[in-house]
Amino acid sequence: MLLTRLADVSREVAATSARSRKIALLAELFRDAEPDDVPVVIPYLAGRLPQGRLGIGWKLLGRRVEPAAEPSLTVREVDARLTAIGRVTGVGSQAERGRLVGALLGAATADEQRFLLGLITGEVRQGALEAVAVEGLAQATGAAAVDVRRAVMLAGSLQTVAQVLLTDGPPALDRFRLTVGRPVLPMLAHTASSVSEAVGRLGACAVEEKLDGIRVQVHRDGAEVRLYTRALDDITDRLPELTAAARELRGERFVLDGEVIALDERGRPRSFQETAGRVGSRVDVATAARAVPVSPVFFDALSVDGRDLLDLPFAERHAELARLVPEPMRVRRTVVAGPGDLPAAESFLAETLDRGHEGVVVKALDAPYSAGRRGASWLKVKPVHTLDLVVLAAEWGHGRRTGRLSNLHLGARTADGGFAMLGKTFKGMTDAMLAWQTERLQNLAVGSEGPVVRVRPELVVEIAYDGLQRSTRYPAGVALRFARVLRYREDKRPDEADTVETLLAAHPRVAP
DNA sequence: TTCCGACAGTGGGGTCGCAAT
DNA sequence: ATTGCGACCCCACTATCGGAA
């Protein structure tokens, strides 16, 4: 199949807003793909490269390449050339990758270039990614969409499911079962604004500590242990203490879901930055492990001794977990019968925060494990802080925000009467707010550097954030975590905005 | 007819490791 | 030795479509 066909379909998918039409367009393309093209065509139309990331970003792609006049590239040729680019390493590799990718783009028409650039940078922006591709695949093969989706979650990969499905037909989907050693996409949580809202929605539920660490899926089959991240990257080699812990558990074969976190001598959580730095260290693991030891904390069991537990209610899965894993290695929790038990749930949240953790996850006791989905049966609750800050600058947006001033630079007042930048945010704005702030900020503009428009510090905005973190980038030595706009405060003058001093006083453990 | 779940898009800060400077 | 870049951790929120209620 020619690449130009994919570029055309992608453009058509982007041009239609109807999801059903996007699905139909993808289905038609998948039906036409030859078996050998399938492993490439399916991931491409789901917006991903089958070989994952190639070490090529915007900087290496910055130079414009003269497009070819006529399409000639086949998808298999493109795939082969990208695989070759991904294999280039060592001294001079950046220049060589740049040269190879330039040559590839030179063989592509303007339309094909747009499509390839989107794929390589991971930004296809066609309003259709994996979920729509799954539906398209189902439509192309006559399989039920739910069955295809389930197979993808269990295989952890759309591509392998697509190949089996297109070669052997819908009955072959039965082959995809939870297998020890093969990671499953983890279940995710929605957000609730309070424990009472969460318990009100779920009824009988478990209220569990939410630890600020890194999600980990642990597979053990006899002596063999494997560890996977939320995106299913294999991180076994980086966390020897987790492998050892898994070997000490009583079961021989299991799959557990949990969090890995660095704790101090008193058992209090260290900062997320320390945990993430440790889990990210992969060259000198022994040294990193001595400096920042980590602990596993489990909260779910997906498979035990050959039994697939995914469809069991959470209460039963947890009973299996409790049989297998001793209490210190399980997440702290309390079980409540419903809204009548609200005080117990709320005091559990308060105690959890006292212990230094970030909040709780409220989980329905009767819910199955919805692999790969943000099921409504897990609700996280975290305290939200707010500040009134001053807009120091704004950046022009991309995509659907093109032509709008989008990303705000936020400052708090300093002792000397100036402002210290604490971070940026693009979150929380409605289309109406974007239009309003674009107009308003342009009237306050005093200059610009690249995409950044500096403004007179006159506009006050109320910001929600999850906490402070240490920063080497910002002048106060701290940055806001997950900042988002709540509303503009036109009733406030900039000299009424919050100060760095009060912010640091509110977060004494983070203050430099 | 209205409501709501699921998706895609739009980016944020930090850290590590590798290659370039 | 330092800097720049890309990959991945963590993540919130709005707009939209289309099926559920």
Side-chain angles (χ1 to χ4, degrees), chain A residues 13-14 16-23 47 52-62 88-97 120-135 149 188-191 211-216 229-233 235 238 259-260 271-284 288 358 370 372-376 380 382 384 395 397-402 404 406-410 422-434 463-474 478-486:
Chain A
V13 167
T16 175
S17 61
R19 199 179 137 96
S20 48
R21 177 79 186 127
K22 291 176 192 281
I23 292 167
R53 305 245 55 90
L54 299 173
I56 305 169
W58 281 111
K59 278 284 146 18
L60 266 170
L61 293 167
V88 178
T89 54
V91 174
S93 62
Q94 243 177 55
E96 177 66 1
R97 283 203 300 273
I120 293 169
T121 59
E123 298 176 11
V124 293
R125 297 172 205 245
Q126 59 184 11
L129 294 171
E130 188 136 314
V132 176
V134 163
E135 300 251 359
R149 192 179 306 129
L188 306 172
H190 273 294
T191 303
L211 305 179
D212 196 7
I214 294 195
R215 188 80 174 263
V216 64
T229 65
R230 179 178 144 167
L232 310 190
D233 268 13
I235 52 167
R238 304 186 210 167
E259 195 88 359
V260 57
S271 72
F272 174 75
Q273 284 156 305
E274 290 173 282
T275 296
R278 165 59 209 283
V279 176
S281 298
R282 46 197 191 273
V283 171
D284 187 356
E358 62 169 340
S370 317
R373 323 213 69 184
R374 212 170 269 288
K380 56 182 160 184
K382 295 188 281 186
V384 173
E395 297 175 19
H398 300 90
R400 70 183 299 280
R401 291 193 179 188
T402 301
R404 302 283 189 214
S406 170
N407 203 1
L408 304 179
H409 294 201
L410 305 169
L422 294 173
K424 309 180 190 179
T425 185
F426 58 91
K427 295 174 185 160
M429 297 141 186
T430 62
D431 287 358
M433 273 170 92
L434 280 163
I463 296 294
Y465 67 104
D466 276 23
L468 267 195
Q469 55 193 343
R470 287 285 175 85
S471 173
T472 54
R473 175 184 315 210
Y474 291 111
V478 293
L480 301 178
R481 195 160 180 217
F482 310 141
R484 60 266 191 192
V485 172
L486 293 179

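All values reported here derive from a predicted model rather than from experimental measurement. Here is how names work: the chains are called A, B, and so on, in the same order as the sequence lines, proteins then strands, and each is numbered from 1.
- Set against B:dC7, C:dA7, B:dA6, the side chain of A:Ala131 has B:dC7 as its closest nucleotide.
- Looking at heavy-atom distances under 4.0 Å, A:Thr275 makes no contact with the nucleic acid at all.
- Residue A:Lys22 is out of contact with every strand shown, counting any heavy-atom pair closer than 4.0 Å.
- One atom, CZ of A:Phe426, and another, C1' of B:dG9, lie 10 Å apart when rounded to the nearest Å.
- Atom CZ in A:Arg373 sits about 9 Å away from atom C1' in B:dG5, given to the nearest Å.
- Residues satisfying the salt bridge (charged side-chain N to carboxylate O under 4.0 Å, His left out) test with A:Arg125, not counting sequence neighbours, are A:Glu123.
- In this structure, A:Ala128 reaches the sugar-phosphate backbone alone: every heavy-atom distance under 4.0 Å involves primed, P, OP1 or OP2 atoms, never a base.
- Rounding to the nearest 0.5 Å gives a distance of 15.0 Å between NZ of A:Lys427 and OH of A:Tyr465.
- Contact between the side-chain N/O atoms of A:Asn407 and the OP1/OP2 oxygens of B:dG12 is found at a separation under 4.0 Å.
- Set against C:dC13, B:dA8, B:dA6, the side chain of A:Val132 has B:dA8 as its closest nucleotide.
- Across the protein-nucleic acid pair, A:Leu60 atom CG and C:dG6 atom C1' stand 9 Å apart, rounded to whole Å.
- For A:Glu274, the salt bridge (charged side-chain N to carboxylate O under 4.0 Å, His left out) partners at least two apart in sequence or on another chain are A:Arg270.
- Comparing C:dC11, C:dA12, C:dC8 by their nearest atom to the side chain of A:Arg230 picks out C:dC11.
- Ion pairing between A:Asp212 and A:Arg481 holds under the 4.0 Å rule for side-chain N and carboxylate O.
- Nucleotide C:dC10 holds its P atom 9 Å from the CZ atom of A:Arg215, rounded to whole Å.
- Base pairing of C:dA12 is made with B:dT10, judged by Watson-Crick or G-U wobble geometry with both donor-acceptor distances under 3.5 Å.
- Not one side-chain nitrogen or oxygen of A:Thr229 sits closer than 4.0 Å to the OP1 or OP2 atom of C:dC8.
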What's the verdict on side chain to side chain donor-acceptor pair (under 3.5 Å) for A:Ser406 and A:Arg401, showing C-alpha distance, side-chain angles and the deciding distance? CA-CA 7 Å; A:Ser406 170; A:Arg401 291 193 179 188; 2.9 Å; yes
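- In this structure, A:Arg97 has no side chain to side chain donor-acceptor pair (under 3.5 Å) partners at least two apart in sequence or on a different chain.
- One atom, CE of A:Met433, and another, C1' of C:dC13, lie 11 Å apart when rounded to the nearest Å.
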Dump the intermediate steps for side-chain contact (heavy atoms from CB on, under 4.5 Å) on A:Val260 and A:Arg278, then the final yes or no. CA-CA 10 Å; A:Val260 57; A:Arg278 165 59 209 283; over 6 Å; no
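- Around NE2 of A:His398, the count of heavy atoms belonging to other residues, nucleotides or ligands within 6.0 Å does not exceed 12.
- When heavy atoms are screened at a 4.0 angstrom cut-off, A:Glu123 is found touching no nucleic acid atom at all.
- Rounded to an integer number of Å, the gap from A:Lys427 NZ to C:dT14 C1' is 13 Å.
- In this entry the distance linking NZ of A:Lys382 with C1' of C:dC13 reads 13 Å, nearest Å.
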Starting at the 5' end of nucleotides 15-21 of chain C, put B wherever the base has a protein heavy atom under 4.0 Å, S where only the sugar-phosphate does, and a dash everywhere else. S-SS---
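- In this structure, the side chain of A:Arg470 does not engage the main chain of A:Gln273 through any donor-acceptor pair within 3.5 Å.
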Footprint string (nucleotides 13-21 of chain B, 5' to 3'): B base within contact, S backbone only, - free, heavy atoms under 4.0 Å: SSSSS-SS-
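- In this structure, of C:dA12, C:dC9, C:dA7, it is C:dA7 that holds the atom nearest to the side chain of A:Arg53.
- Side-chain contact between A:Glu259 and A:Thr275 is absent, with no heavy atoms from C-beta onward closer than 4.5 Å.
- Close to B:dT10, at under 4.0 Å from its OP1 or OP2, lies no side-chain N or O of A:Arg401.
- Within 4.0 Å of A:Gly213, counting heavy atoms only, lie sugar-phosphate atoms of the nucleic acid but no base atom.
- Taking A:Arg282 as the reference, nothing meets the salt bridge (charged side-chain N to carboxylate O under 4.0 Å, His left out) condition, with sequence neighbours excluded.
- When the side-chain nitrogen and oxygen atoms of A:His190 are compared with OP1 and OP2 of B:dG5, none of them lie within a distance under 4.0 Å.
- Rounded to whole Å, atom C1' of C:dC10 lies 10 Å from atom CD of A:Glu259.
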